[in-house]
**Q** 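Got a structure here, written out as structure tokens. Questions coming.
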Protein chains: 2
Amino acid sequence: MINVLLVEDDIDLATTIVDYLDLESINCDHASNGLMGLNLLESNHYQMIMLDINMPKMDGLTLCNTLRERGMDIPILMLTARDSLEHKLEGFAAGSDDYLVKPFAMKELVARVQVLAKRRSGEAKRLVLGDLSLDINQRSAQLKQTPLKLSPIAFKLLEVLVRASPQAVSRQHIMQAVWGDEQPDSNSLKVHIYHLRKQLDAAHNNISLDTVSGIGFAITTNSKGAQL
Amino acid sequence: MINVLLVEDDIDLATTIVDYLDLESINCDHASNGLMGLNLLESNHYQMIMLDINMPKMDGLTLCNTLRERGMDIPILMLTARDSLEHKLEGFAAGSDDYLVKPFAMKELVARVQVLAKRRSGEAKRLVLGDLSLDINQRSAQLKQTPLKLSPIAFKLLEVLVRASPQAVSRQHIMQAVWGDEQPDSNSLKVHIYHLRKQLDAAHNNISLDTVSGIGFAITTNSKGAQL
DNA sequence: GGGCTTGGTTAAGGCAGGGTTAATGGCGGG
DNA sequence: CCCGCCATTAACCCTGCCTTAACCAAGCCC
């Protein structure tokens, strides 16, 4: 399930968008100004953000800049009536990933939202990180030619980590990606990480699954050689 | 250096684009149809592709589909005169990441190319100050290539100081930024600053963490050399 | 010069977060 | 129907971080 955030002060337009996205199985939270958006972003996890520019309290460009300053590289789509070239360039300069001019066709919005929400986490069918290699279709993984024996959840967990590598991934993000909306209550994640580590540590290799204190986990390769 | 591929059969337009991108320090190879594009893709590595749709030999949509079939998730920007909604949706359905309608402003093309080329490269958000370098997303810090071992609070503290550098930051401001609303009663900040200094002073470097009497603290670099 | 303030240094204790392990229960396949 | 795999849970341990308090050192004002 795709989970996105809309920051827009025009309530009518906002409800229209939220409803339409809902039909396309896209869950869309709504904030009516930048500050509210910032709040939601701190407590929830979204795949991408739609951002109006003209807003009270905190405008879209400022919010966009703020997020980038903080090192958040979540995809952002600017959604505004300003159609001049300068405004577009201003949007991109602030760190946005796409720029859609009002009025727009809902279907185009959906297409662009899906691209930003999904493509970023990749559609690649084959992932390689140092000695580790994942085949998404086959749900198989290899470490230095020897196959790993991974349960479904373990595989997905590994996939999420490798896709984000070398970035750290927050527990929240992992939970969302692996279990979706029905997350287990307890320390299931800890146990899975533990089992995963056991397999990864087994053979000597250049993969390390580190815990980032207070945040989550990160998988990295410490190979000096060429990195794709 | 950004390295991209343009697949376009209109030679005039192609040279214009290649020349313009060159001015922006973007290296752009050119293929005049899908098959040639495929060849170039097999022998070279590109950050993204610009794709015309109407072409002899192999059209853009087919090429796009082919690449996705093969599991290549390289970003693709469709570049075409077909401006109807159906055509756009067709482009996105084929697996493209963006869709720009001709004629377009060169500057907008550059902006979109840069976004697509950078997005996937997983480039980290970094703060650099002299010999010190912070990777926000990875939550890691390096001082002259050697990694620092920082606790969550220490990292945040350092981040706040580096962000403000060379300005001094008041104690109040630091407390707010690091602990938020639930601040410790005692001299916790002093202790953290102390530990931070210990690590920063360890190796000879050009970083100094000074206390500004009565105000707070400031981190600065005393390098004479070029400063970014 | 003395006490007060401001900032630096150090060690100790409590606590939380993460790691490890084993037991339970569901689900699917044989 | 039974067996085995796998996810989840609870319980436990342990490390290392944060806080705290206490003690110094240096300057300032009276």
Side-chain angles (χ1 to χ4, degrees), chain A residues 134 138-141 147-161 164 168-202 207-220, chain B residues 134 138-141 147-161 164 168-202 207-220:
Chain A
L134 295 196
Q138 238 174 303
R139 311 223 110 211
S140 70
L148 293 179
K149 194 165 157 280
L150 295 176
S151 67
I153 286 202
F155 184 84
K156 192 133 195 200
L157 175 55
L158 186 56
E159 180 187 338
V160 171
L161 289 171
V169 193
S170 74
R171 288 159 190 284
Q172 256 200 0
H173 189 132
I174 295 177
M175 299 283 264
Q176 173 65 33
V178 175
W179 282 277
D181 291 329
E182 293 180 6
Q183 300 168 7
D185 307 336
S186 176
N187 54 358
S188 197
L189 177 58
K190 286 202 299 193
V191 177
H192 284 289
I193 289 279
Y194 173 65
H195 289 314
L196 203 47
R197 274 203 180 115
K198 237 170 160 178
Q199 294 215 35
L200 258 31
D201 291 350
I207 301 291
S208 64
L209 207 179
D210 309 309
T211 114
V212 183
S213 190
I215 307 295
F217 303 91
I219 198 169
T220 53
Chain B
L134 294 198
Q138 222 174 321
R139 303 255 151 177
S140 69
L148 293 180
K149 195 166 156 279
L150 296 176
S151 67
I153 287 201
F155 184 86
K156 201 149 192 185
L157 175 55
L158 185 57
E159 181 186 339
V160 171
L161 289 171
V169 193
S170 74
R171 288 160 188 283
Q172 263 200 359
H173 193 288
I174 295 177
M175 298 285 269
Q176 176 61 36
V178 174
W179 282 276
D181 293 328
E182 294 180 4
Q183 300 170 6
D185 307 337
S186 175
N187 56 355
S188 198
L189 177 57
K190 285 204 299 193
V191 177
H192 283 289
I193 289 278
Y194 172 65
H195 287 312
L196 204 46
R197 274 199 179 120
K198 234 170 162 180
Q199 292 215 35
L200 259 31
D201 291 349
I207 300 293
S208 63
L209 207 178
D210 308 309
T211 115
V212 181
S213 189
I215 308 293
F217 302 92
I219 197 169
T220 54

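All values below come from the heavy atoms of this structure, side chains included, with hydrogens, waters and symmetry mates left out. The chains referred to below are lettered A, B, ... by the order of the sequence lines, with proteins before strands, and numbering in each begins at 1.
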**Q** Could you tell me whether B:Ile153 contacts a base, only the sugar-phosphate backbone, or nothing, with contacts defined as non-hydrogen atoms closer than 4.0 Å?
**A**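 Sugar-phosphate contact only.
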**Q** If you find the nucleotide of DNA chain C closest to B:Arg171 and the one closest to B:His195, which residue's nucleotide is nearer the 5' end?
**A**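 Here B:Arg171 is the residue nearer the 5' end.
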**Q** Could you give the distance from OG1 (B:Thr211) to CD1 (B:Ile193), rounded to the nearest 0.5 Å?
**A**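 It is 9.0 Å, given to the nearest 0.5 Å.
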**Q** For a side-chain contact (heavy atoms from CB on, under 4.5 Å) check, start with the C-alpha distance between B:Leu200 and B:Leu148, then their side-chain angles and the critical distance, and finish with the verdict.
**A** CA-CA 9 Å; B:Leu200 259 31; B:Leu148 293 180; 4.0 Å; yes
**Q** With rounding to the nearest 0.5 angstrom, report the CG to CG distance, A:Asp201 to A:Leu196.
**A**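 Reported value, rounded in 0.5 Å steps: 9.5 Å.
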**Q** Need one value for A:Ser188: base, sugar-phosphate or nothing, where a base atom within 4.0 Å counts as base even if backbone is also close, heavy atoms only.
**A**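 Base: the residue A:Ser188, judged by heavy atoms under 4.0 Å, touches a nucleobase.
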**Q** With a strict under 4.0 Å distance from non-hydrogen atoms of chain B, what nucleotide opens and what nucleotide closes the contacted stretch of DNA chain D, reading 5' to 3'?
**A**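 Counting from the 5' end, contacts occupy D:dC17 to D:dA22.
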**Q** How close do A:Arg197 and A:Leu209 get, heavy atom to heavy atom, and via which atoms?
**A**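 Smallest heavy-atom distance, with atoms named: NE-O, 3.0 Å.
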**Q** Can you measure from CG (A:Leu189) to CG (A:Leu157) and round to the nearest 0.5 angstrom?
**A**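 If I round to the nearest 0.5 Å, the distance is 6.5 Å.
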**Q** Rounded to the nearest 0.5 Å, how far apart are NE2 of A:His173 and CZ of A:Phe217?
**A**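 Result: 14.0 Å between the selected atoms.
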**Q** Taking heavy atoms of chain B and a 4.0 Å limit, find me the 5'-most and 3'-most nucleotide of DNA chain C within that range.
**A**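 Result: C:dG7 to C:dT10.
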**Q** Under 6.0 Å from the CD atom of B:Gln172, do we count more than 12 heavy atoms belonging to anything else shown?
**A**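 Not more than 12 within 6.0 Å, no.
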**Q** Taking for each residue the nucleotide of DNA chain D with the nearest heavy atom, is it B:Glu182 or A:Lys149 whose nucleotide lies nearer the 5' end?
**A**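 So the residue in question is A:Lys149.
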**Q** Do you know which two heavy atoms are closest between B:Glu159 and B:Leu134, and how far apart they sit?
**A**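 Scanning both residues, the minimum pair turns out to be CA-CD1, 3.8 Å.
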